[in-house]
Undergrad: 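Below: one structure in structure tokens.
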Amino acid sequence: MDVLSGILLLCLAVGLYVVCSLYLLRNPRILHKRKRLEFYCRHISHRGGSGEKIENTMEAFTHAVAVGTEMLEMDCHLTSDGYVVISHDNNLMRQTGYDKTDLPLYEERLEVTFYVGNTGKDRKFVLLEDLFKKFPSMPMILEIKENNDLLIKKVSNLVKQYHRESFTVWASEESDVMAKCNEQNASMPYMFTMKRGILLLLLFYTGLLPFVPLGESLLLFYLPSIINRSVNNLPVQLTMRKSLFEHLIKRGLQVQLFVCNEESDMEAAFAVGATGVMSDYPTLLTNYIKKHPPPPPISYFKGNSKHCIANR
């Protein structure tokens, strides 16, 4: 009889846990204060829109803003003379044809990751400070590509100097790098690292997520089908969970899927609940949004999108 009572109590406890978890998944504000970001961006340009202009050049960033992007994504490195430069690679062989770490001109034609190549007139590398001067109110995602204390400090100092803490995002896949970023400037919103992203999925599937506080403000995640368009459905089913995205959004986070370079990618990303899409083709994304306008931002973001440009 004691064994049967124990089993019944266990079943009751598990049932109560499941009910509470599901209820709080849908109603997270019971336990968590909603984040209040000062930006809400549906249209994000990857490396400044590397499918239409040479990646990470001033021409690319200017073009992306002109066609209606609401956020710029870029990668940061430190030059040998101590300047923060926008570049995806540390070694410049892919970008310039030279096996070195100083700054020659970009190649005249440069491939687009996961897609076809492009050309552009501007072949010069850009300093982060010049971008801050050119686009003072444009939200930006800054991925720190090196575990370099001086780089992190200089990026933080520039963000503070140009008063961009509330709409400039720390980004890194590495948890130790992100820890240093947050220590250097805790006022900046930041994304999930790889380890934290895996933990997020574990918390979601075990039902613990509604009970756990989250410091992150953005979930940046690959749309799985862009890596291999014949990919098995299992990774898609495990990661592209609309209920997970809805929970995060209700807590004030934003979910941005990348790199969406075809209309079918953009449709899939918005359909699964992404708040924003990152693309190498800002004109294509602008045209897609015009033809398929998503619903207005839910009330969790009202009054907090002053730094975003209206879609044109």
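Atom set for the values below is all heavy atoms of this structure, side chains included, hydrogens, waters and symmetry mates excluded. The structure displayed is predicted, hence computed values, not measured ones.
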Undergrad: Are R241 and F204 in a cation-pi setup, meaning NZ or CZ lies under 6.0 angstrom from the ring centre and within 45 degrees of the ring axis?
TA: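 The answer is no; the distance or angle limit is not met.
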Undergrad: Does the side chain of I44 come within less than 4.5 Å of R42's, by heavy atoms?
TA: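 Sidechains of I44 and R42: no contact.
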Undergrad: Should L201 and T239 count as side-chain neighbours, where that means a heavy-atom distance under 4.5 Å?
TA: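 L201 reaches T239 side chain to side chain.
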Undergrad: Indicate the atoms forming the closest heavy-atom contact of Q256 with L220, along with that distance.
TA: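 Closest approach of Q256 to L220: OE1-CD2, 3.1 Å.
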Undergrad: Got a donor-acceptor contact below 3.5 angstrom from the T193 side chain to the E174 backbone?
TA: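 Such a contact is absent between T193 side chain and E174 backbone.
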Undergrad: So how far is it from L223 CG to S264 OG, rounded to the nearest 0.5 Å?
TA: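 One finds 8.5 Å between CG of L223 and OG of S264.
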Undergrad: State plainly whether one hydrophobic cluster holds both M188 and L150, where clusters connect Ile, Leu, Val, Met, Phe, Trp and Tyr through side-chain heavy atoms under 4.5 angstrom apart.
TA: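 Linked within one cluster.
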Undergrad: Mind checking the CG-OG spacing from N185 to S156? Nearest 0.5 Å is all I need.
TA: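 One finds 3.5 Å between CG of N185 and OG of S156.
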Undergrad: Roughly how far, to the nearest 0.5 Å, is the CD1 atom of I144 from the CG atom of L78?
TA: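 L78 CG to I144 CD1: 10.0 Å, rounded to 0.5 Å.
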Undergrad: Is there a donor-acceptor pair closer than 3.5 Å between any side-chain N or O of T168 and the backbone N or O of E165?
TA: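 Absent.
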Undergrad: Identify the heavy atoms of S137 and R164 that sit nearest to each other, and give their distance.
TA: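 Looks like N-NH1, 4.2 Å.
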Undergrad: Which heavy atom in S50 sits nearest to a heavy atom in E55, and how many Å separate them?
TA: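 Of all heavy-atom pairs spanning S50 and E55, the closest is CB-CB, 3.4 Å.
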Undergrad: Kindly indicate whether the side chain of E262, heavy atoms from C-beta on, has any atom under 4.5 Å from the side chain of Y281.
TA: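 They are not in side-chain contact.
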Undergrad: Taking all non-hydrogen atoms of both residues, which atom of F39 and which atom of M71 are closest, and how far apart?
TA: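 Shortest heavy-atom separation between F39 and M71 comes out as CE1-CE, 3.8 Å.
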Undergrad: Nearest heavy-atom pair of K180 and I152: which atoms, and what distance?
TA: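 Residues K180 and I152, closest heavy atoms: CB-CD1, 3.7 Å.
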Undergrad: If we ignore hydrogens and angles and just use 3.5 Å, is the side chain of E216 paired with the main-chain N or O of L253 as donor and acceptor?
TA: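 No.
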Undergrad: Out of curiosity, does Y205 fall in the hydrophobic cluster containing L25 (side-chain heavy atoms, cut-off under 4.5 Å, transitive links)?
TA: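 Yes, same cluster.
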Undergrad: Looking at every non-hydrogen atom in both residues, tell me the closest pair between M74 and L72 and how far apart they are.
TA: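 In this case the closest contact between M74 and L72 is CE-CB, 3.7 Å.
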Undergrad: Any side-chain heavy atom of K124 sitting closer than 4.5 Å to one from E59?
TA: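 Of all side-chain heavy-atom pairs linking E59 with K124, none is under 4.5 Å.
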Undergrad: Go through it in stages, so that I can follow the logic: the residues are K153 and N157, the test is side chain to side chain contact (heavy atoms under 4.5 Å, CB included), and I'd like the CA-CA distance, side-chain angles, deciding distance and then a yes or no.
TA: CA-CA 6 Å; K153 182 178 181 179; N157 288 343; 3.8 Å; yes
Undergrad: Hey, are Y162 and E129 close enough side-chain-wise for a donor-acceptor pair under 3.5 Å?
TA: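 Present: a donor and an acceptor within the cut-off.
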Undergrad: Could you tell me if the side chain of P139 sits less than 4.5 Å from the side chain of E70, heavy atoms only?
TA: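 They are not in side-chain contact.
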Undergrad: Under the side chain to side chain contact (heavy atoms under 4.5 Å, CB included) rule, what do D130 and Y83 come out as? Steps first, then yes or no, please.
TA: CA-CA 11 Å; D130 291 338; Y83 288 91; over 6 Å; no
Undergrad: Is there a side-chain contact between Y17 and L208 in this structure, where contact means two heavy atoms from C-beta onward sitting under 4.5 Å apart?
TA: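 Yes, their side chains come closer than 4.5 Å.
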Undergrad: Keeping the roles fixed (side chain from H77, backbone from K145), state whether a donor-acceptor pair exists under 3.5 Å.
TA: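 It does not hold such a pair.
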Undergrad: Could you walk me through whether L248 and L200 pass the side chain to side chain contact (heavy atoms under 4.5 Å, CB included) test, one step at a time?
TA: CA-CA 10 Å; L248 296 177; L200 177 70; 4.1 Å; yes
Undergrad: Please tell me if the side chains of L142 and V84 come closer than 4.5 Å, counting only heavy atoms from C-beta onward.
TA: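 Side-chain contact under 4.5 Å: no.
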Undergrad: Let me confirm one number: the CG-NZ distance from L24 to K250, rounded to the nearest 0.5 Å.
TA: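 It comes to 11.5 Å.
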Undergrad: Measure the shortest side-chain to side-chain distance between F135 and M140 over non-hydrogen atoms and say whether it is less than 4.5 angstrom.
TA: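 Side-chain contact under 4.5 Å: yes.
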Undergrad: In the single-linkage hydrophobic clustering (I, L, V, M, F, W, Y; side-chain heavy atoms under 4.5 Å), do I141 and M194 co-cluster?
TA: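 No, no single cluster joins them.
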Undergrad: Rounded to the nearest 0.5 Å, what separation is found between the NE2 atom of H46 and the CG atom of N261?
TA: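 Going from the NE2 atom of H46 to the CG atom of N261 covers 8.5 Å.
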Undergrad: Check whether any side-chain N or O of N56 sits under 3.5 Å from a backbone N or O of I86 as a donor-acceptor pair, and report yes or no.
TA: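 No, the answer is negative, given that no donor and acceptor are paired below the 3.5 Å cut-off.
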Undergrad: Can you tell me if H32 uses its side chain to pair, donor with acceptor, with the backbone of P210 under 3.5 Å?
TA: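 Yes: the side chain of H32 pairs with the backbone of P210.
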Undergrad: Angle between ring planes, F258 versus Y222, binned at 30° and 60°: parallel, tilted or perpendicular?
TA: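 Geometry flag for Y222 against F258: tilted rings.
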Undergrad: Between F221 and V255, does a side chain to side chain contact (heavy atoms under 4.5 Å, CB included) hold up when you go through it step by step?
TA: CA-CA 8 Å; F221 201 82; V255 178; over 6 Å; no
Undergrad: Crowded around Q184 CD? As in, over 12 foreign heavy atoms under 6.0 Å?
TA: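 Yes, enclosed.
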Undergrad: For the hydrophobic clusters of this structure (ILVMFWY residues joined by side-chain heavy atoms under 4.5 Å, transitively), does one cluster hold both I30 and I249?
TA: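 I30 and I249: one cluster.
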Undergrad: State yes or no: do F245 and I198 share one hydrophobic cluster built from I, L, V, M, F, W and Y residues joined by side-chain heavy-atom distances below 4.5 Å, directly or via other members?
TA: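 Each belongs to a different hydrophobic cluster.
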Undergrad: Backbone N or O of M278 within a donor-acceptor pair of the E73 side chain at under 3.5 Å?
TA: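 Judged by distance alone, no pair lies under 3.5 Å.
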Undergrad: When you measure from the side chain of T62 to the backbone of M58, do you find a donor-acceptor pair of N or O atoms at a distance under 3.5 Å?
TA: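 Yes; judged by distance alone, with no hydrogens or angles, the pair exists.
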Undergrad: Counting distance only, does the side-chain N/O of E143 pair as donor-acceptor with the main-chain N or O of A171 below 3.5 Å?
TA: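 Judged by distance alone, no pair lies under 3.5 Å.
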Undergrad: Quick check against the 3.5 Å criterion: does E52 have a side-chain atom that pairs as donor or acceptor with the backbone of T283?
TA: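 Answer holds: yes.
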Undergrad: Please round to the nearest 0.5 Å and tell me the distance separating atom CG of L203 and atom CG of L214.
TA: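 It is 8.0 Å, given to the nearest 0.5 Å.
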